[in-house]
Every structure is written in structure tokens, then in C-alpha cells.
Asks: 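Below is one structure. I have some questions about it.
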Amino acid sequence: MALPSSLADAHAEELARFAELHPRSHELFERARGSLVSGVPMTWMAKWVGGHPVYAASAHGARVTDVDGHEYVDFALGDTGAMAGHSPPPTVAAVRRRLEGDGGATLMLPTEDAAWVGEELARRFGLPLWSFALTATDANRWALRLSRAVTGRPYVLVFNLCYHGSVDETFVTTEGSRPGNVGPPVDPTTTTRVAEFNDLDAVERLLADEQVACVLAEPALTNIGIVLPEPGFLEGLRAACDRTRTLLVADETHTFSAGPGGCTRAWGLSPDVVTIGKSIAGGIPIGAYGVSEALGARIEALEGADLIDVGGVGGTLAGNPLSLAAARATLDEVLTDDAFARMTELCDRFVAGVRGVLDTEGVPWSIVQLGARAELAFAPDPPRSGAESAALHDGPLEDFLHLFLLNRGVLITPFHNMALMSPATTEADVDLHTRTFAEAVRVLR
């Protein structure tokens, strides 16, 4: 929606305040524009409001300090990658041992840590066999290739406005190739079918001809805003896959916030494949995919599939000792069952604070929670599909809200209105957000 002039003026004031507070960040950004695409080391970092990103100097726990000396409570947490908090001590110690004591960051040889992490992921998610990547994108891409190989089917099915990393085949909507899709190798509509989340009739129709190798789905949509499954939807999805002999891949990269075994464990799901990445190594790059015993046997029985050289599944740095040492420490000592219980309690407090502000101020918005993760929606009722969630996005309004919070020491993810708790987050951090959010809403009123 167009901003009223008074709100536009308030936004302009926040922009001026940002510029005054961040001269060193501005100086570094201008310098970086001479050597970096979009002036940032990875183009997504250009999304931050204010005209340029804040440049980080240090980060510990749930706090970030910028080069101008300002400290922030961090609810963005690297857009989930730092769910364990920044530089959790057990992970740091494991990385130091791997590099200084044990030695060798990448070897093309397995270590004991790999077996431990595989066993722990099997315990958490209920799938016995695991392999490792460097990103969830790779894990998803390899899961699609393996699904096609064992089924001999040409299509995959995803949900409208989903997000599964930069997997080419998933950048497609019910209207065709997703707007802004950069240089797709082929039109993704030739490889991918699309249904709306929570539309079981559409899923059943698209699977009926038994030409879909797998359904790739988050148990709840996240990157378009949290869209929770309606009662019976996930059970119906599993049943539809069973009837049509279609594999079901659960991407738990973001929905890991639901608990120590993601939604798979929390909701008693039974996917054929689980993919995950970002957070399980405490900030060190990693991805992983786990498969059922039955699917593992089908993979082992593939004829003519080169799984150990140039067959398109794997990478030189995947499964490296450094990533797996970090994952072992993070899963064993940081992202524990007790930590998730605490993170969820903090998110309960966060959600209650936001709802209290909305009720007090009479603002018809809602907030949705998925364990340790919460998302604000600009409507009285939470969205039930990707299309509904996308329709609620309001760029100017989000920009103002994000900038207002940032200028007062609170970071939320720049891509949407998501906040995530970490083991290092405190009640005081949550209450700071509640107070600052209340100030922003009063300005908006």
C-alpha cells in the first residue's frame, strides 16, 4: 500500500537516523562497490534496508556489533544459519581442535565424526542412512536426482512460492517460472508441477498419472511467511504419495525450528527423504540428506548410476572433517532437546508480546509460530497458502518496520518478518523487541 505522507515522513526520518548512525558502514559499502557485485560479498546481503547493509565487526551468542560500535539483538540469526547462536563455544572448540590439534579441514577421507553425526540425525529424524553436502541447496538438488533415478519418472512437485535454496527446478509458481528467476537452464515448467500448499485435491490430481518422482515440501512453508499445514493435509500428502508410489522429501532446513527433530519428529511424519542444512554445524557450511532403509536399498541397486565420481551427486568438499566436527559439537552440546525447549519458551514470550501490542493498539495483524520461529503477517488471519501469504507482503511497510527496529538495536531477517530464537537469546532480548515493536506500531497508527 502507498504510505500516508505522515508515515512517509517518519520513514524519511528513520533513513536520516540510519545514515547518521552508520558512517563507517557507508564508507565500507562505497569502497566495496568497486570490487563486489552489488557492493556485497553475496548479493542477498543487499536486501537490508537503509540504502546499504550494516557492516559487522563481531558477533557472539545472540548479539552482533557493527563497525560503528552499535550492538544489536539478533533475531535474524543469519536467516536461520546461526540458529545455534553466533560462535557457540562447543562448536568453536571443535573447530579449533580439528584445525590445530587433529589437523585437516578437508581430506577426501572419512572421520569418526561423520558416523556420529549420521547416527544422531537418524535418532532425531527417524531415517537411518545419511549423506552430507555443503548446503541445503545441494542436499535438495541431489535428493531430486536420486528420486528421478530410482523411480524413472521425469517430474517433481513443489508448492507455490516455496523455497528450497537455489535449486533451479523449484523456481516455478502456479503461473509459470517465478518472476525474477535468473537465467534458468530450462523453463522450470518442463520439469516441475506446482500445487498450492494445503490444497490436497490439487496434489492428488497432479500425482494421478504417476509421472512425478517426488514431492519436495517443507512441512510448513517458511520463506514466503510461515504457512502452517491444515489438519489432515500432511497425512493426506503422505497417503497420496503412497497410492502413486511417489517419494516424499521433507525439507527441514527452516522448519528445524519446530524441535530437535524438526517437524518430522514433532508431528510424527514419515517422509522418504529429509533434507537439512544451514544451522546444524553452528555456522560452518553443511547440508545433509537422510533416506529410508527401503530407499537406500533402491539407491544401492541402481545400475549404471555413477555415485562415486561424475554422476552428479556429490562434491569435493562435501562431508569434510571440519564441517562434521562442527556438526557433532553443535548437535551434541548446543542444539539439544533442552535448548529447543528453552528456545520455544522464548518464542512463546515473543509471540505473546507481539499479540499484546496488536490487541492494545487495535492493529488487525497476526503472528504465526513454528517452535522457535515466528512470523508477522499483515492480516487478522494467518495465510493458508503461499499465494495468500505473498498477497500480504507490503514492501514500504516492511521497510519502515525493519528500519525502525534496526535503528533501535533489533535485527529481524531482511527478507520477511521472521524472528528466530537461539540458545543464547534471553527474556530481556525478547522484551526489547516487544517495546520497540510497540513504538513502531504507535508511529504506524
Side-chain angles (χ1 to χ4, degrees), residues 21 48 54 56-66 68-93 222 226 254-260 262 266 278-283 326 329-360 367-376 401-414 416-441:
L21 290 171
W48 290 96
V54 166
S58 63
H60 298 280
R63 294 284 197 282
V64 174
T65 301
D66 71 18
D68 289 289
H70 307 297
E71 185 178 83
Y72 304 87
V73 173
D74 187 6
F75 292 106
L77 295 171
D79 193 26
T80 304
M83 183 191 291
H86 299 292
S87 298
T91 308
V92 171
T222 59
I226 295 175
H254 286 263
T255 56
F256 189 37
S257 64
K278 290 198 180 187
S279 58
I280 63 172
T330 303
L331 294 171
D332 190 31
E333 301 182 63
V334 185
L335 291 176
T336 62
D337 288 17
D338 289 343
F340 271 100
R342 173 67 174 154
M343 291 154 62
T344 300
E345 289 175 359
L346 287 167
C347 198
D348 292 342
R349 185 185 186 102
F350 185 99
V351 169
V354 169
R355 285 179 177 155
V357 171
L358 298 178
D359 290 344
T360 298
I367 186 166
V368 186
Q369 183 176 356
L370 183 62
R373 180 185 181 109
E375 183 94 23
L376 184 70
L401 179 61
H402 288 220
L403 186 59
F404 190 97
L405 293 170
L406 186 152
N407 278 341
R408 288 153 184 82
V410 177
L411 297 179
I412 62 175
T413 188
H416 39 100
N417 301 311
M418 187 275 285
L420 179 65
M421 310 300 124
S422 78
T425 306
T426 67
E427 288 91 345
D429 297 338
V430 171
D431 294 344
L432 173 63
H433 173 270
T434 300
R435 293 193 302 273
T436 309
F437 178 72
E439 292 178 38
V441 167

Asks: Quick one: do D79 and K278 satisfy side chain to side chain contact (heavy atoms under 4.5 Å, CB included)? Show the steps, please.
Replies: CA-CA 9 Å; D79 193 26; K278 290 198 180 187; 3.7 Å; yes
Asks: Determine whether E375 and L370 make a side-chain contact, defined as any pair of heavy atoms from C-beta on separated by less than 4.5 Å.
Replies: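 They are not in contact (no side-chain heavy atoms under 4.5 Å apart), so the answer is no.
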Asks: Could you give the distance from OG (S422) to CZ (R342), rounded to the nearest 0.5 Å?
Replies: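 Separation between the atoms: 10.5 Å.
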Asks: Measure up the F437 and H433 rings against each other and bin them: parallel (under 30°), tilted (30 to 60°), perpendicular (over 60°).
Replies: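 Judged by the thresholds at 30° and 60°, the geometry between F437 and H433 is parallel.
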Asks: How close do P90 and A329 get, heavy atom to heavy atom, and via which atoms?
Replies: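 Closest pair (atom of P90, atom of A329, distance): O-CB, 3.5 Å.
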Asks: Show the nearest heavy-atom pair for residues T91 and A326, with the distance to one decimal.
Replies: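 Closest heavy-atom pair between T91 and A326: CG2-CB, 3.9 Å.
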Asks: What's the shortest heavy-atom distance between F75 and D429, and which atoms?
Replies: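 Smallest heavy-atom distance, with atoms named: CZ-O, 3.5 Å.
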Asks: Can you tell me how far the CG atom of L21 sits from the CG atom of N407, to the nearest 0.5 Å?
Replies: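 That separation rounds to 5.5 Å.
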Asks: Shortest non-hydrogen contact from A374 to F350?
Replies: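 Where A374 meets F350 most closely, the heavy atoms are CB-CD2, 4.2 Å.
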Asks: With rounding to the nearest 0.5 Å, note down the distance linking NE2 in H402 to CD1 in I412.
Replies: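 With rounding to 0.5 Å, NE2 (H402) is 3.5 Å from CD1 (I412).
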Asks: If you round to the nearest 0.5 Å, how far is CE of M421 from CD of Q369?
Replies: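 Q369 CD to M421 CE: 8.5 Å, rounded to 0.5 Å.
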Asks: Might you point out which heavy atoms bring L335 and P423 nearest each other, and give the distance in Å?
Replies: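 Smallest heavy-atom distance, with atoms named: CD2-CG, 4.1 Å.
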Asks: First locate atom CG of L376, then atom CE of M418, and finally report the distance between them rounded to the nearest 0.5 Å.
Replies: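 Interatomic distance, L376 CG to M418 CE, rounded to 0.5 Å: 13.0 Å.
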Asks: Could you check if a side-chain atom of L420 sits within less than 4.5 angstrom of a side-chain atom of T80, using non-hydrogen atoms only?
Replies: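 Answer yes - side chains close enough.
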Asks: Check A266 against A258 and note the closest heavy-atom contact, atom names and distance.
Replies: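 Closest approach of A266 to A258, heavy atoms only: CB-O, 4.2 Å.
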Asks: Would L77 and H86 count as a side chain to side chain contact (heavy atoms under 4.5 Å, CB included) here? Give the steps.
Replies: CA-CA 8 Å; L77 295 171; H86 299 292; 4.0 Å; yes
Asks: Decide yes or no on side chain to side chain contact (heavy atoms under 4.5 Å, CB included) for V64 and H70, but give the supporting numbers first.
Replies: CA-CA 8 Å; V64 174; H70 307 297; over 6 Å; no
Asks: So do R373 and F256 actually touch side chain to side chain, heavy atoms under 4.5 Å?
Replies: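 When only atoms from C-beta onward are counted, R373 and F256 do not touch, as no gap falls below 4.5 Å.
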Asks: Residues two or more places apart in sequence or in another chain: which of them pass salt bridge (Lys or Arg N to Asp or Glu O under 4.0 Å) with R349?
Replies: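 By the salt bridge (Lys or Arg N to Asp or Glu O under 4.0 Å) rule, R349 matches D431.
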Asks: Please tell me if the side chains of T425 and M343 come closer than 4.5 Å, counting only heavy atoms from C-beta onward.
Replies: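 In short, these two side chains do not touch, never coming nearer than 4.5 Å.
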Asks: Can you find a heavy atom in the side chain of L411 that is under 4.5 Å from one in the side chain of L406?
Replies: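 Heavy-atom side-chain distance check passes, below 4.5 Å.
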Asks: Using the side-chain contact (heavy atoms from CB on, under 4.5 Å) rule, pick out the option among T222, I226, V351 that qualifies with V368.
Replies: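 Testing each of T222, I226, V351 against V368, the sole residue satisfying side-chain contact (heavy atoms from CB on, under 4.5 Å) is I226.
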Asks: Suppose we screen for salt bridge (Lys or Arg N to Asp or Glu O under 4.0 Å). Which residues come up paired with D348, at least two apart in sequence or across chains?
Replies: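 Testing D348 for salt bridge (Lys or Arg N to Asp or Glu O under 4.0 Å), a comparison that skips the adjacent residues, returns none.
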Asks: Evaluate side chain to side chain contact (heavy atoms under 4.5 Å, CB included) for V354 paired with T434, printing each intermediate quantity in order.
Replies: CA-CA 6 Å; V354 169; T434 300; 5.6 Å; no
Asks: State, yes or no, whether a side-chain contact exists between T65 and H60 at a heavy-atom distance under 4.5 Å.
Replies: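 A side-chain contact is absent here, since even the closest heavy-atom pair is not under 4.5 Å.
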Asks: Measure the shortest side-chain to side-chain distance between I280 and T330 over non-hydrogen atoms and say whether it is less than 4.5 angstrom.
Replies: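 Side-chain contact under 4.5 Å: no.
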